[in-house]
Peer 1: 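First the structure, then my questions, so here it is.
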Amino acid sequence: MAAEVRVRYAPSPTGQPHIGNIRTALFNWLFARHHGGKFIVRIEDTDQTRLVDGAVEAILDGLRWLNIDWDEGPEVDGPHAPYEQSNRLEIYQRLSEQLLDQGNAYHCHCSREALEQLRKANRESGSYSAEGCRCRALGRAGAVGDPVSDGERVIRFAMPQSGMTQVSDLIRGDVEWRNDLQEDFVILKSDGFPTYHLAVVADDHLMEISHVMRAEEWLPSTPRHLQLYQAFGFQPPEFAHLPMITGPDRAKLSKRHGATAIGEYRDEGYLPEALLNFMVLLGWSLDGSTEVVSLQDIIDNFTLDRITKSAAIFDQDKLLWMNGVYIRDLPAKDLAERMAAYIPRELGCDEHKYLSNIAPLVQERLKRLDESDDMTAYLFGDLAPDYDGAILVQKGMDAESASDALRATIASLEADTAPNDFGHEKLEAMLGELGASLSLSRRQFFGLLRTASTGRNVSPPLFETMEVIGRDRVMSRLHQAAQKLGAAV
RNA sequence: GCCCCGGUCGUCUAGCCAGGUCAGGAUGCCACCCUUUCAAGGUGGAGAUCAGGGGAUCGAAGCCCCUCCGGGGUACCA
């Protein structure tokens, strides 16, 4: 690779940025960073009918969230600005004129319906045939002379009617197409906007893109692009068509497969670094055995020869596992801060501090950050007063023995602990001994205390949890539990 | 219909290009260990006739041919 590596991510702002789309961005970015090249973002807003408000911002937010930075593009600009195709219309129009002049393009007045008929009539190939549409034969002069449909005309590229077009794809190898099977595709629409094909070729050339890395769904349109490069006399870039990401049914990932927008993953509490690690493994591998890879190692080893050819199903289960791995790997303070973002209350200064005491307790139980609120609810404030007292009674006990055990615990704690003397080690020693004298199993006794202290029968280790909750609140919760049991007895 | 790409455990994949030990790892699932619950961790297990069929070879997941299946593309969408 002699020249500088320049790759681009070229999304259309037609909705929420898709996970498959973002994966393409990620691969381009990794490739650029691996080669010390440039990563460019270009907004392909050539379809005026599908624009969605706020989509550009959502796309950029998605990139930022994953920590993918761009060297040229919206907000940062660069030597090839503007980076929104809607602001580059003159370029495409000028280029279309050039093709018209060269005889590589022509005006076409045919209606969609007429073309549809043509395609149907051509049952064998099912494609539009230049023979049916006479516009190409009319040439430039003929088209201009038709005042009636002047406003409806488009410009089509005149595909060569013989020969082959071949690409040496960096991932798929040599692929070739018969030119006579290709349609004369539209390059400039009747509204004056270019189609993807014209715009992408023009801008990739103008922006000096060295490698076009895009999803496999683009492979079939590559011969069109190659022919455009040739007609313009431009040197084509290298092409690398990435395997697609599919849903469990192996069809192209779409909304019906559940969460597909990058923002949903953020909202559900996935760590960006975990999602990134997971996504890169969809189609790329370091060595076949390493799964958790640091970003630096990914960048250092990100080469095209390690990219798979086959499409990959997006496996939520494995993502969840990996998210857990990354959560467990976080420094407690960092985890606490991230958890705070998922607790839908304003946390005071004390509560933030408290949260960093809690974080280590829930760390290895947390799979997603959005569980933070529920998983810490009983640690904050007062216990929900209305949990069912019946869950206090553990397997193999009755309410009376539970009640007795609770009263004994209360008495013992009141006598032998103080607010500043409520450490988990001491609690464990004390209550372990007490439990032994009670003719209850550890499981039963500790289970009872767990439920009484937390209102749940699942929690982090009991004594650490009690310590974090603190003596005052533990005592009041024990009393509360005793009352519930008293009512039941 | 036509064109193109793909096909290794349920899933992500290593191995393929430069044929040669029980096809390796991870996830998910199951069991056991640890254990005050849930997790985490540890150990083990089930799970792939390498899509199928031919062929050349002493030898094929790898090379060649055919078939099947899956997907993508066939728009004045990207």
Side-chain angles (χ1 to χ4, degrees), chain A residues 10-14 21 44-47 49-50 108 110-112 115-116 119-120 122-128 152-156 169 171-173 175-178 181-183 185-191 193-197 199-200 214-223 241 243-244 246 248-252 278 281-292 305-306 308-322 324 328 362-367 375 394 428 431-432 435 441-451 454 456-463:
Chain A
S12 295
T14 54
N21 243 292
E44 309 223 321
D45 52 353
T46 56
D47 185 351
T49 67
R50 295 207 307 156
C108 178
C110 298
S111 66
R112 290 164 196 266
L115 258 19
E116 203 41 52
R119 291 193 182 100
K120 254 188 218 139
N122 194 352
R123 277 238 309 279
E124 192 196 317
S125 74
S127 83
Y128 160 95
E152 290 298 314
R153 69 187 185 183
V154 299
I155 298 178
R156 282 180 190 279
D169 190 275
I171 292 172
R172 277 154 223 282
V175 185
E176 53 181 23
W177 297 265
R178 273 172 56 175
L181 261 20
Q182 300 288 325
E183 291 197 346
F185 57 96
V186 172
I187 56 175
L188 204 73
K189 309 181 218 178
S190 56
D191 64 359
F193 277 73
T195 57
Y196 170 80
H197 307 297
V200 80
R214 62 204 340 180
E216 193 193 346
E217 57 195 290
W218 293 109
L219 189 57
S221 59
T222 306
H241 287 92
M244 302 209 310
T246 73
D249 60 355
R250 296 237 170 249
K252 207 166 157 181
F278 174 75
L281 258 23
L282 256 28
W284 177 87
S285 64
L286 178 63
D287 56 15
S289 60
T290 315
E291 306 275 332
V292 181
D305 60 314
R306 294 211 59 83
T308 333
K309 291 182 167 82
S310 53
I313 293 176
F314 192 90
D315 181 7
Q316 297 271 0
D317 282 342
K318 191 158 181 176
L319 170 60
L320 192 61
W321 162 76
M322 186 162 283
R328 274 170 252 135
V362 297
Q363 185 152 26
E364 62 186 30
R365 280 149 257 269
L366 212 52
K367 287 237 163 90
M375 208 171 270
Q394 309 295 304
E428 177 158 18
L431 296 174
S441 70
R442 288 161 71 80
R443 190 187 200 87
Q444 289 171 326
F445 182 50
F446 294 162
L448 168 67
L449 295 185
R450 163 173 295 104
T451 308
T454 67
R456 306 184 178 191
N457 34 36
V458 171
S459 84
L462 177 60
F463 304 110

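Predicted, not measured: the structure shown is a model, and the values here were computed from it.
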Peer 1: Quick check on U11(B): is either OP1 or OP2 less than 4.0 Å from any side-chain nitrogen or oxygen of R250(A)?
Peer 2: yes
Peer 1: When both hydrogen-bonding distances must be under 3.5 Å and the geometry is Watson-Crick or G-U wobble, what is G20(B) paired with, if anything?
Peer 2: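 G20(B) is paired with C58(B).
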Peer 1: Expressed as a whole number of angstroms, how long is the span from Q182(A):CD to C2(B):C1'?
Peer 2: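 Result: 11 Å.
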Peer 1: Of A311(A) and L319(A), whose nearest nucleotide on RNA chain B comes first from the 5' end?
Peer 2: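 So the residue in question is A311(A).
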Peer 1: OP1 or OP2 of C3(B) versus the side-chain N and O atoms of R178(A): is any pair under 4.0 Å?
Peer 2: no
Peer 1: In whole Å, what is the span from the NZ atom of K252(A) to the P atom of G71(B)?
Peer 2: 13 Å
Peer 1: Do any side-chain nitrogens or oxygens of K318(A) fall under 4.0 Å of OP1 or OP2 in U13(B)?
Peer 2: no
Peer 1: Check this for me: R443(A), atom CZ, are more than 12 non-hydrogen atoms of other residues, nucleotides or ligands nearer than 6.0 Å?
Peer 2: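 For R443(A), atom CZ is not crowded (no more than 12 foreign heavy atoms under 6.0 Å).
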Peer 1: Tell me whether the side-chain N/O atoms of R214(A) come closer than 4.0 Å to OP1 or OP2 in G72(B).
Peer 2: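 It does not, given that no N or O in the side chain of R214(A) lies less than 4.0 Å from OP1 or OP2 of G72(B).
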Peer 1: Does a side-chain N or O of R156(A) approach OP1 or OP2 of C76(B) to a distance below 4.0 Å, or not?
Peer 2: yes
Peer 1: Would you tell me if any nitrogen or oxygen in the side chain of W321(A) comes within less than 4.0 Å of OP1 or OP2 on U27(B)?
Peer 2: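 Checking U27(B) against W321(A), a side-chain N or O does come within under 4.0 Å of OP1 or OP2.
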Peer 1: Please figure out whether R172(A) or F446(A) has its closest RNA chain B nucleotide nearer the 5' end.
Peer 2: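 Nearest nucleotide further toward 5': that of R172(A).
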Peer 1: Taking the side chain of R328(A) as its heavy atoms from C-beta onward, which of U27(B), A40(B), A14(B) lies nearest to it?
Peer 2: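 Nearest to the side chain of R328(A) among the choices is A40(B).
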Peer 1: What's the CH2-C1' distance between W284(A) and A14(B), to the nearest Å?
Peer 2: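 Answer to the nearest Å: 13 Å.
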Peer 1: Donor-acceptor pair under 3.5 Å: do we get one between R450(A)'s side chain and the base of U36(B)?
Peer 2: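 For R450(A), whose side chain was compared with the base of U36(B), there is a donor-acceptor pair (under 3.5 Å).
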Peer 1: Base of C76(B), side chain of T195(A) - is there a donor-acceptor contact under 3.5 Å?
Peer 2: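 When only heavy-atom distances are counted, T195(A) does not reach the base of C76(B) through any donor-acceptor pair under 3.5 Å.
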Peer 1: What is the separation between atom CG on L286(A) and atom P on G25(B), rounded to the nearest whole Å?
Peer 2: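 About 17 Å, once rounded to whole Å.
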Peer 1: Which whole number of Å gives the distance between the C1' atom of G1(B) and that of G47(B)?
Peer 2: 40 Å
Peer 1: With a 4.0 Å cutoff (strictly under), does any side-chain N or O of R119(A) reach OP1 or OP2 of A75(B)?
Peer 2: yes
Peer 1: Which nucleotide wins on minimum distance to the side chain of L115(A), given the candidates C76(B), G73(B), C4(B)?
Peer 2: C76(B)
Peer 1: Are any of K367(A)'s side-chain N or O atoms less than 4.0 Å away from OP1 or OP2 of A40(B)?
Peer 2: yes
Peer 1: Taking 4.0 Å as the cut-off, does a side-chain nitrogen or oxygen of K189(A) come that near to OP1 or OP2 on C77(B)?
Peer 2: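 Checking K189(A) against C77(B): at least one side-chain N or O falls below 4.0 Å of OP1 or OP2.
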Peer 1: Would you measure the distance from the P atom in C22(B) across to the matching atom in G6(B) and give it in whole Å?
Peer 2: 30 Å
Peer 1: Would you say S441(A) reaches U36(B)'s phosphate, i.e. side-chain N/O to OP1/OP2 under 4.0 Å?
Peer 2: no
Peer 1: Are OP1 or OP2 of A39(B) and a side-chain N or O of R365(A) less than 4.0 angstrom apart?
Peer 2: no
Peer 1: Quick one: F278(A) CZ to G28(B) P, roughly how many Å, whole number?
Peer 2: 12 Å
Peer 1: Looking at the side chain of L219(A), which of U11(B), U37(B), C4(B) is the nearest nucleotide?
Peer 2: C4(B)
Peer 1: Is the shortest side-chain N/O distance from S285(A) to OP1 or OP2 of A14(B) below 4.0 Å?
Peer 2: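 Yes, S285(A) has a side-chain N/O under 4.0 Å of OP1/OP2 on A14(B).
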